[in-house]
Each structure stands twice: as C-alpha cells, then as structure tokens.
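Just below is one structure, and these are the notes that go with it.
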Amino acid sequence: MKRFPLQAWPDHGVPTDPGCVLNFLMDVNRCLDDLPKEQRGGAVVVHCSAGIGRTGTFIVIDMLLDMIKRQGEAETTTRKHLSTAAALL
C-alpha cells in the first residue's frame, strides 16, 4: 500500500494552483503504471476528511482525463484507417 497525501488542497477550499492537482494525479497514475503486472488491478482508495468534495472531484478529474486520452487514441486510430483506405482508392 502506498499513500499519496495532497497538502495543497485545503478542506472547504480550492488549491491556489490547479496545476498541482493535475501534477499530483499524474504522479499517482505514473506510480500505478510502474507497478509490476502481478501487482496491478488492485483497488485505489481516494478519500478526504469529509469524503465528498475533494474525493469526488479528484475521481471525476481522473475519469475525464482518461476519457479524453481514450477518445484521442480512438480518433488517431480512425484517422490512420481513413488514410489507409484513401491510399487504397
């Protein structure tokens, strides 16, 4: 188990620099990606003192960034297929 404390996001407030939350999220995801395959797939627990504000916001930001990444990959793949098909015509 590894703990990632984010001190720059005050309870009942907002971070002074939104980039710190994105950097923190990238650090957490990088750590998860660096795990050996046999250690992947476990649960990730996210919690703040109340468990409703920062927790939910952090999870939604992670989900949205993942969706954007997957959508970008899908669009790139589609563009490649269209280019290949156009070349064959």
Side-chain angles (χ1 to χ4, degrees):
M1 180 164 72
K2 184 162 177 86
R3 183 174 179 261
F4 295 91
L6 177 58
Q7 304 299 327
W9 195 342
D11 197 16
H12 303 289
V14 296
T16 55
D17 175 20
C20 73
V21 176
L22 293 175
N23 290 335
F24 177 78
L25 180 59
M26 287 189 291
D27 290 343
V28 170
N29 285 328
R30 190 175 308 111
C31 184
L32 292 171
D33 291 342
D34 290 345
L35 286 173
K37 287 186 180 185
E38 62 273 3
Q39 292 181 10
R40 293 182 190 174
V44 174
V45 178
V46 179
H47 205 287
C48 63
S49 60
I52 56 170
R54 292 172 291 176
T55 298
T57 304
F58 182 83
I59 292 169
V60 167
I61 292 169
D62 186 43
M63 290 171 61
L64 288 172
L65 291 175
D66 186 56
M67 288 172 61
I68 291 167
K69 178 182 173 188
R70 284 187 283 126
Q71 181 65 32
E73 290 171 356
E75 288 177 4
T76 300
T77 302
T78 301
R79 275 190 234 111
K80 287 180 183 177
H81 289 306
L82 290 174
S83 294
T84 303
L88 294 173
L89 297 174

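Interatomic distance, NE2 of His12 versus OG of Ser49, reported as 6.0 Å (0.5 Å rounding). One distance of note links CG of Asp34 with CZ of Arg40; it measures 8.0 Å at 0.5 Å rounding. Between atom CG of residue Asp27 and atom CG of residue Leu32 there is a gap of 11.0 Å, rounded to the nearest 0.5 Å. Note that the CE atom of Met26 and the CG atom of Asp33 stand 12.5 Å from one another [nearest 0.5 Å]. Atom CD of Gln39 sits about 13.5 Å away from atom NZ of Lys37, to the nearest 0.5 Å. Between Leu64 atom CG and Met67 atom CE the span is 6.0 Å, to the nearest 0.5 Å.
Taking 4.5 Å as the limit, every side-chain heavy atom of Arg54 sits out of range of all side-chain heavy atoms of Val46. A heavy-atom distance below 4.5 Å is not found between the side chains of Cys48 and Phe58.
Annotation: side-chain contact (heavy atoms from CB on, under 4.5 Å) contacts of Arg3 (sequence neighbours excluded): Pro5. Partners of Val14 according to the side-chain contact (heavy atoms from CB on, under 4.5 Å) rule, which considers only residues two or more places apart in sequence or in another chain, do not exist here.
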- Query: Does the side-chain hydrogen bond (donor to acceptor under 3.5 Å, both in side chains) test come out yes or no for Asn29 and Asp62, once each step is laid out?
  - Reply: CA-CA 9 Å; Asn29 285 328; Asp62 186 43; 3.1 Å; yes
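Nearest heavy-atom pair, Thr57 versus Gly53, reported as atom, atom and distance to 0.1 Å: OG1-O, 2.8 Å.
Using a 4.5 Å cut-off between side-chain heavy atoms of Ile, Leu, Val, Met, Phe, Trp and Tyr, with links allowed through other members, Ile68 and Val60 fall into different hydrophobic clusters. Tracing side-chain contacts under 4.5 Å through hydrophobic residues (I, L, V, M, F, W, Y), one never reaches Val45 starting from Val28; they form parts of separate clusters.
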